Asks: 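Structure provided below as structure tokens; questions to follow.
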Amino acid sequence: MRRVVCPGSFDPITNGHLDIIGRSARLYDEVTVAVLINVEKKSLFTVEERIDILQTVTKEYPNVRVEKFHGLLVDFCRQNDIPAIVKGIRVVSDFDYELQMAQLNYRLSGVETLFMPTNPEYSFLSSSRVKEIARYGGDVSGLVPDLVHKLLIERLRG
Ligand code: PNS
């Protein structure tokens with residue numbers, strides 16, 4: 001069984017994330033989407049809400065499961081017998097940051113990191129920008145799954 005993890009905050013999931021998850025699901029037997037529980041960071045959606053959303057929007061991939069984790073990602077990998085992490089790279093600045101994390105994670109545990117170039121259609125996309133646009137009434141349809149679009153409007157505009 002070839003397993004991989006797609007980790008992140010997913011607050012909320014964007015179409016860029018979903019593209020990486022879907023492409024990983026075509027390459028691996030099992031993809032675990034791991035949602036970071038970060039008590040220090042204020043989030044728009046709770047971890048449970050993010051898990052529900054992720055489960056709904058990845059329904060078409062039977063080999064994708066959604067979990068939460070806290071602490072080190074490599075500990076989660078070890079506990080779940082997952083030997084590799086997939087990370088989407090949008091721009092060169094992502095690579096600078098991700099390379100350091102990948103090397104540290106490998107040094108800590110031997111868990112590999114595989115970089116997947118983001119679909120250019122989504123290379124400008126991030127959860128933070130999506131929230132900002134939605135908060136000020138901008139149109140985020142096409143940037144996030146329809147469910148997320150609806151939930152963002154409900155949450156941010158009452
Ligand atoms: O979507 P994000 O917020 O960019 O995801 C970042 C994430 C969750 C992948 C990263 O912060 C992470 O792996 N956090 C867990 C703590 C950890 O293992 N840190 C790495 C030290 S090298």
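Read the numbers this way: they start at 1 and go in the same order the structure lists the ligands and their atoms. Residues: numbered from 1 along the sequence shown. Computed from a predicted structure; not experimentally measured.
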Asks: Side chain of R3, backbone of C77: donor and acceptor closer than 3.5 Å?
Replies: no
Asks: Donor-acceptor check, side chain of T14 to backbone of H17, threshold 3.5 angstrom: yes or no?
Replies: yes
Asks: Evaluate the salt bridge (charged side-chain N to carboxylate O under 4.0 Å, His left out) criterion for residues D11 and K131: first the C-alpha distance (whole Å), next the side-chain angles of each, then the deciding distance (0.1 Å), finally the verdict.
Replies: CA-CA 9 Å; D11 185 42; K131 282 183 281 194; 3.0 Å; yes
Asks: State whether the side chain of T58 and the backbone N or O of Y61 hold a donor-acceptor pair below 3.5 Å, judged by distance alone.
Replies: no
Asks: Just to be sure I understand the cut-off, which residues have at least one non-hydrogen atom under 4.0 angstrom from an atom of ligand 1?
Replies: P7, G8, S9, L36, F69, G71, L72, L73, K87, M101, L104, N105
Asks: Within 45° of the axis and under 6.0 Å from the centre of the six-membered ring of F45, does NZ or CZ of R50 qualify?
Replies: no
Asks: For N63 and A25, work out which heavy atoms get closest and say how close.
Replies: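 Looks like ND2-O, 2.8 Å.
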